[in-house]
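First the structure, in the form of structure tokens, and then the observations on it.
Because only heavy atoms are used, hydrogens play no part in the values below, and waters and symmetry mates are left out as well, while side chains stay in. The structure displayed is predicted, hence computed values, not measured ones. Numbering of ligands and ligand atoms starts at 1, following listing order. Numbers here simply count residues along the sequence, with the first being 1.
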Amino acid sequence: METDVRKNPALLKLDLYCKGMRLGDECLPERNGGRRILRTRAGLGSGLELILPGGLWTNVPVVEAFALESPYVLRHGGDGFRIDHDALGPVARVRLSPQPEWYERKTSTGKPMSRIGTLQGTYLGIYPAKVCDYWLLTPKEQCAFCSVGLNLGADDADEKSVQEVVEVARAAQRESRITYIDFNTGHYDGDTYLDILEPYVRRVKEATGLLVGVQTPPHRDLTRYKHLRRIGVNRVSFCFELFNRERFRTVCPGKHREYGLDRYLAAIEYCAREVGPEGQGFEPWVVNGEIIAGLEPATDSIAAIDWITSVGAIPTVCVFRPLQGTLYKDVRPPRTEDLVPVFARLYEACMERGLPIGLAPNVHVSLVLLPEEARWLQNRPRRFWLGELKNAVARRVVATRLRRSRRRAIEKARNRRPVGLQPTP
Ligand code: SF4
């Protein structure tokens, strides 16, 4: 593996997650066409959205205390932005992820569009419902790393109607060329999260033909996931965060009490193995199990990756970030060297199992290091050449089919367009 961050952009992405970055005085992103630094997105991200060499999109911690001790600093000169390292000197030229023009516009109901949804990398993330119930209990039961309850009402609008979300999805599709929209909820008593999301999913799918994903707790009625697939959902994601049962109980007390780790695992296995090809025409279907590296021993994270891939699902591995205002704000972030084996295993396990990684066109994710990006952390990446070839072919097939379904959605929208509602060109 290339160990020089100047030559290995995935290692740089990981190192920046772990160490953060200082901002040079001249580097205010909004004055330079970049995205406003939001306090949080979906409870994990809080930083500066950047594009690293190799086209790797990332979200670099810049507001947390540990970032002030970072050896990395962002500089801006006549020829753009670069990251410098105190010991290594110039490390990489980078670009700020562009701030879309639609962020500043308003929906037909007068709300700023960026309070309905925000770009995370190159996809649109929407948290459509009220704050997770764990934040509303007395005493609170929120996950110790989570900042969702701090964020809602600050950077996000509280109520988001289906029509508002459709307007933002269309703007993002038209102007930011997104291909994927992700709906995310916390826990609501009575397992209502899928009932809440379904009208959004149906209307956004119908209006845009975009790939759609949902991230919620595991519903008690697993057959609901077959229904989700039928209405056009392409991805379901279950965040169990920690595979170590003791750590799961400590870090996620609400999830432990309400669901327990086994419910999460059962839902992942069911969705990966039992939800058959029931989509509308050709619709990709991906199941993710999401964990946070850095809050349990690396061996447990690797065991989680091996379990998730063994049932045919794809791991999403976040790096723990001690966000301001959270219960874990004073916990140290993980060390890069401890996480390299975790991410190396991520790519390796996906390829060993022949899992379809990196298939969705133009989906760059800033909050996690993707399995396909972790290829850079391999000692012998070429041994998976056949699997990579298969994924490259599948990528082209998915892109072609998606173009068709998008055209169909536009046609349909044209045929039943209400006055004043323009279809996405
Ligand atoms: S389930 Fe945990 S991580 Fe998710 S929103 Fe609620 S408190 Fe945050």
Side-chain angles (χ1 to χ4, degrees), residues 38-46 59 64 117-118 120 125-160 182-197 200 213-220 235-268 288-296 301 304 315-329 331 333 365 367-368:
L38 299 179
R39 183 160 49 164
T40 181
R41 292 189 181 92
L44 262 181
S46 60
N59 177 287
E64 290 76 20
T118 52
Q120 296 168 11
I126 305 236
Y127 198 107
K130 68 185 173 79
V131 70
C132 169
D133 277 353
Y134 298 142
W135 282 85
L136 306 176
L137 298 173
T138 314
K140 289 185 171 60
E141 272 191 341
Q142 82 271 28
C143 303
F145 55 83
C146 176
S147 66
V148 157
L150 306 171
N151 183 50
L152 285 178
D155 294 329
D156 264 30
D158 293 333
E159 299 282 332
K160 298 169 189 179
D182 191 69
F183 292 97
N184 194 306
T185 78
H187 160 73
Y188 306 124
D189 282 341
D191 275 2
T192 54
Y193 30 85
L194 295 185
D195 302 324
I196 293 168
L197 288 188
Y200 293 94
V214 301
Q215 182 165 292
T216 70
H219 200 282
R220 280 177 176 76
R235 169 186 182 255
V236 284
S237 173
F238 301 96
C239 305
F240 61 90
E241 326 291 7
L242 297 143
F243 203 50
N244 179 310
R245 288 176 186 272
E246 186 51 34
R247 293 295 292 147
F248 178 78
R249 192 182 64 75
T250 308
V251 179
C252 307
K255 292 185 182 194
H256 169 72
R257 177 185 57 75
E258 182 74 31
Y259 304 96
L261 182 57
D262 288 330
R263 283 263 308 277
Y264 279 86
L265 302 185
I268 292 168
N288 288 121
E290 186 162 325
I291 58 171
I292 300 179
L295 284 176
E296 63 184 346
S301 301
T316 304
V317 184
C318 307
V319 173
F320 166 63
R321 186 178 301 187
L323 295 173
Q324 289 179 341
T326 62
L327 295 174
Y328 277 3
K329 64 181 186 314
V331 174
V365 182
L367 290 176
V368 298

Is there side-chain contact between R263 and K255, with heavy atoms separated by less than 4.5 Å?
no

Heavy-atom nearest pair, E258 first then D189, reads OE1-OD1, 4.4 Å

Contact region, Y127 to ligand 1, non-hydrogen atoms below 4.0 Å, reads side chain

Tell me which protein heavy atom sits closest to atom 1 (S) of ligand 1, plus the residue, atom name and distance to 0.1 Å.
K255 CE, 3.4 Å

Carefully, step by step, assess Q215 and T316 under the rule side chain to side chain contact (heavy atoms under 4.5 Å, CB included).
CA-CA 12 Å; Q215 182 165 292; T316 304; over 6 Å; no

Residues E64, R321: salt bridge by 4.0 Å N-O rule
no

Roughly how far, to the nearest 0.5 Å, is CZ of F320 from CZ of F145?
9.0 Å

To the nearest 0.5 Å, how far apart are CZ in F238 and CD1 in I291?
16.0 Å

Side-chain donor/acceptor pairs under 3.5 Å, residues 245-254, sequence neighbours excluded:
unit_1 : atom_1 : unit_2 : atom_2 : d
R245   : NH1    : D262   : OD1    : 3.3
R245   : NH2    : D262   : OD1    : 2.8
E246   : OE2    : R249   : NH2    : 2.6
R247   : NE     : L295   : O      : 2.8
R247   : NH2    : L295   : O      : 3.1
T250   : OG1    : E246   : O      : 2.9

Within a strict 2.8 Å cut-off of atom 8 (Fe) of ligand 1, protein N/O/S atoms tallied 1

